[in-house]
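For reference, the structure discussed in these notes is given below.
For the numbers below, each heavy atom of this structure counts, side chains included, while hydrogens, waters and symmetry mates do not.
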Amino acid sequence: MSQSRAKRRTKKWVAASVSLVLAGTLAFQAGPQTAAADRGVVDLWKAIKPLSTIASAMNTGAHPDDEHSATLAYLSLGLGVDTYSVIANRGEGGQNEIGSELGNALGIIRTRELQEASKITNVTLANLSQKLDDPIYDFGFSKTPDETLAKWGEDVAYERLIRQIREKRPDVLIPAFLNEPSTHGHHRAVNVLTVRAFKDAGNPQVFPKQLEEGLQPWQPKKLYVPASDKDYNVSLPVNEYSELYGASYSQLGEESRYMHKSQGMGRQIDEGQGTAYYKLQESADGKKAGGKPEASLFGGIAFTFEDLAQELDAKGKDNKVVKQLKTLQEDANEVIAAYPSFAKVAREVHGMKADVKTTVELVKASSLEQAAKNDLLHRLAVKEKQLDKASQEATSVVVKVKPETGELISGQTAKVTVTAFNGGEVDISKVNLKLNVPEGWTAKAAGADSFDKLAKNQTVKTEFEVTVPKQVADFNPYALPLISADIRYEAFGTEASLHVVPDNAVAVLPPVALSLSPEAAVLNTLKPDDAVSVKVTATNYAPGAEKTKISLKTPEGWTVEPAVQELSFAAKYETKAAEFIVKAPANVKPGSYHLSAISSDGTSDSSRTVQVIQYPHIGKTYYVKPANLAIQAFDLKAPQGLKVGYVSSGFDNIDQVLRQVGVNVTNLDAKTVQFGDLSQYDTIVLGIRAYAFRPELIPSNQRLLDYVKNGGNLVVQYHKPEDKWSPDLAPYPIKIGQPLIQWRVTDENSKVTMLAPEHPIFNTPNKITAADWDNWIQDRSAYNPSEWGKEYTELISNGDPGEKEFTGTFLTANYGKGTYTYSSLVWYREIPNLVPGSIRMFVNMISLKQNGTASTSVAAAPPK
């Protein structure tokens, strides 16, 4: 920048001048693409505000939705701080409030939700978990950090966190949770790692291989932890209302939390509500927090280029660098002053880009110590990226990557179009469009990829022929996009570059994807001659006609009829089915067995299922997994003629498994629950948390109780208090324990004692023994009751090792002529995973009407 430009009078920006333009800009529709109301002057401000500061902060958490959303919004959108969110796992072990996906499929959903949430708060996101079935996996609720770190692999998790800190070099670290016994073990583990990493990230002896790769040690300046209004050092005014955004930062944070729909996150809050409190736990200079509250998380930390210049000047360091840093501060001020004029902002942004480039060269040539150089060069590199984003917004350059299909197969050639549109007043020149593809792929431009000029309302485009190699790894939904584009252009004599990705995932899928129905099946060893019917649905992902031979690979001694079926497809996405009859040998033993579906085109075999995951708020992606059918062989007696009505909350597949084992199950809709003849069902089952997600249940609850009183058998699975559960929904009161974290059993191998071993639930039609509690997965129970009526029979006692056992986990009582059973056992995880004991017991539970009412033995007194 010239001296005359540097001395130019900084214009005063008045927020009120644009407040009318920006009013109501936050009423946008959630979705993977930016909504129209969240564009233009708001996005321009989001892009230029970070130019005013060089500070950075990192928030660490365990799961998607752990992030301190209001704080992130305040730091990033309010202060312009370079803000990072680092999340450990993908939330695979959580519950799902929008569908029945669990495990990896849920992890994919929660990851996409986290990505969309991070866009709203303008935060840079990173995950420690890197791939499907990563060791840093959400294995379910944990009560201790030691268990969590042992299962994750402490060294693996710690190395990845140190790497993130060294790459992003935050000035301030903020773990999302404290290491307190009342907190989820995953949350505590991330706190433990973050507190330790605060010192170790700056120690070159810790993970020295990272330094060999080019990373440098980095010592954050401060470590803050969550606090209360009773004991804190910093209070952040997240309740502050922004005229620019038409909302408070707390409200902005909640808008991002609404993206976590699978976890039911996001709430309506009024303007002016909320303050975020933090306590200083450690600082790099060893100073402890004083008695007086601090004004900012960044007190004593360089916040602007001017602050950096003063620090260097005070140390008598390179005068040229000091002077240039002050110039960058003037540049940033002038960019802000030019707002909201797009053309003026563009001019100032490109002027600042030129000065950043000059500063980089001065720093490299300076006599500064290497650590100081590394620090400055990192901050300048961040600023270059921010300036590129600011240039895009100020010039109104819109770049898109448009594959002709997002579903490719190995060896395929497809077209991908990259377009650049100039919607602003600034003419840009020397435009270059580049398509990025993975190593081994080819991308050839079918026409020109460079253009001399791009004027207002003009579009340039380049079509690329992309060829996928014949050997390709399975699609990884957690990896960077397979296809992306870079555009370079010049404005006001300086170059800018942008990186863009397609709106939805581009995946390489098998030519023919196979899905098996069922995906899991029970083989009753009491009826070994019964055949298992297996339907294989094949979907053609090849771009045209395709032929394949479908077969099943079975354990030794099993038979399949027919051995092979040939399918022909005329076009992409065509679906056809092949049916097989599978029989086990007569002497089949109890145990776990697997079948695989194979697609063969004569030259290669494939055994892959493609699960398409698509929701409006996260767009479309894929989960590619082996095309397997799990078969669990065990003895099971299921009563004939039992008729069950199932009220699903949409979160489990228990009804499907019951049908497999011969139970007549009807899913009850709202009309049936409200007005239908319930007496026709021997048993009615309410899915987990059904009162929260089936609005007809509470007004129809008396109908359900009358159904029991008249001889019905009602089974209610666990609820949370916030699920609109109240103790009087049950015929005799049941109160759920709080805090919820203390009323669950997380050790799936914990000892279970049957308190009423003679009860029909443990005897008819299946005899339940200690072996039926073996091989459970993830948890035993969740949200156990703390109080219940004396009318209930307590069926089991169970608890985590070293803790008091719960006796209210499994309760049943006579009510009138019928039976009411409430259970906090996690049937929804065990039964779809074919845990034999869980299925045998559930069948007994739903068979109570046929086998007599509940035991009339006196229940033990409930715990105080």
Could you check whether the rings of [X] and [Y] sit parallel, tilted or perpendicular, using 30° and 60° as the cut-offs?
X      : Y      : value
His63  : His184 : tilted
Trp827 : Phe842 : perpendicular
Trp725 : Tyr691 : perpendicular

If I compare all heavy atoms of [X] with all of [Y], which pair ends up nearest, and what's the gap?
X      : Y      : answer
Arg744 : Asn784 : CA-ND2, 3.7 Å
Asp652 : Gly687 : OD2-CA, 3.9 Å
Gly799 : Ser750 : O-CB, 3.4 Å
Ile120 : Leu77  : O-CD1, 3.6 Å
Trp152 : Ala189 : CZ3-CB, 4.3 Å
Pro64  : Gly91  : CD-N, 3.7 Å

If we count only N and O atoms by modelled type, under 3.5 Å, do the side chains of [X] and [Y] hold a donor and an acceptor together?
X      : Y      : result
Asn89  : Ser129 : no
Glu67  : Asn59  : no
Thr60  : Thr194 : yes
Tyr258 : Glu116 : no
Lys222 : Tyr224 : yes
Asn122 : Thr83  : no
Asn127 : Tyr478 : no
Asp285 : Ser283 : yes

What I'd like to find out is whether the side chain of [X] reaches to under 4.5 Å of the side chain of [Y], using heavy atoms alone.
X      : Y      : result
Pro175 : Leu223 : yes
Arg169 : Asn374 : yes
Leu686 : Gln717 : no
Tyr158 : Asp200 : yes
Glu519 : Lys625 : yes

Within the side chain of [X], is there an N or O that forms a donor-acceptor pair under 3.5 Å with the backbone of [Y]?
X      : Y      : result
Arg166 : Leu215 : no
Arg780 : Val745 : no
His68  : Ala176 : yes
Tyr615 : Lys261 : no
Glu830 : Ile777 : yes
Ser649 : Ile688 : yes
Asn233 : Leu280 : yes
Ser250 : Gln273 : yes
His187 : Gly61  : no
Glu787 : Ile736 : no

TODO: Assess whether salt bridge (Lys or Arg N to Asp or Glu O under 4.0 Å) is satisfied between Arg110 and Asp65, documenting all intermediate values.
DONE: CA-CA 8 Å; Arg110 294 193 67 184; Asp65 77 22; 3.0 Å; yes
Might you confirm whether atom [atom1] of [X] has over 12 heavy atoms from other residues, nucleotides or ligands at distances under 6.0 Å?
X      : atom1 : result
Asp800 : CG    : yes
Lys751 : NZ    : no
Lys735 : NZ    : no

Task: Matching residue for Trp743 among Tyr718, Phe806, Phe141 - test: ring pair (Phe, Tyr, Trp, His ring centres under 6.0 Å) - done: Phe806
Open item on the list: Is there a side-chain contact (heavy atoms from CB on, under 4.5 Å) between Phe810 and Leu755? Walk through the geometry before answering.
Closed with: CA-CA 10 Å; Phe810 204 177; Leu755 300 177; over 6 Å; no
TODO: Establish, for the pair Arg689 and Phe651, whether the NZ or CZ atom is under 6.0 angstrom from the six-membered ring centre and no further than 45 degrees off its axis.
DONE: no
If the threshold is 4.0 Å, N to carboxylate O, is there a salt bridge linking [X] and [Y]?
X      : Y      : result
Lys209 : Glu159 : no
Arg163 : Glu213 : yes
Arg160 : Asp134 : yes
Arg379 : Asp171 : yes
Asp747 : Lys143 : no

Open item on the list: Please identify which of these residues, Glu97, His617, Glu101, Glu113, meets the side chain to side chain donor-acceptor pair (under 3.5 Å) condition with Ser262.
Closed with: Glu113
Task: Leu128 side, atom CG; Ile136 side, atom CD1 - distance, nearest 0.5 Å - done: 5.0 Å
Open item on the list: Show, in sequence, the C-alpha distance, side-chain angles and deciding distance for Gln263 and Leu106, and conclude whether the side-chain contact (heavy atoms from CB on, under 4.5 Å) test is met.
Closed with: CA-CA 10 Å; Gln263 303 304 299; Leu106 176 59; 4.2 Å; yes
Open item on the list: Between Thr53 and Leu79, does the side-chain contact (heavy atoms from CB on, under 4.5 Å) criterion hold? Intermediate values first, please.
Closed with: CA-CA 8 Å; Thr53 175; Leu79 301 183; 5.9 Å; no
TODO: Using the side-chain contact (heavy atoms from CB on, under 4.5 Å) rule, take Leu193 and Leu149 through it: C-alpha gap first, then chi angles, then the decisive distance, then the call.
DONE: CA-CA 9 Å; Leu193 296 180; Leu149 294 174; 3.9 Å; yes
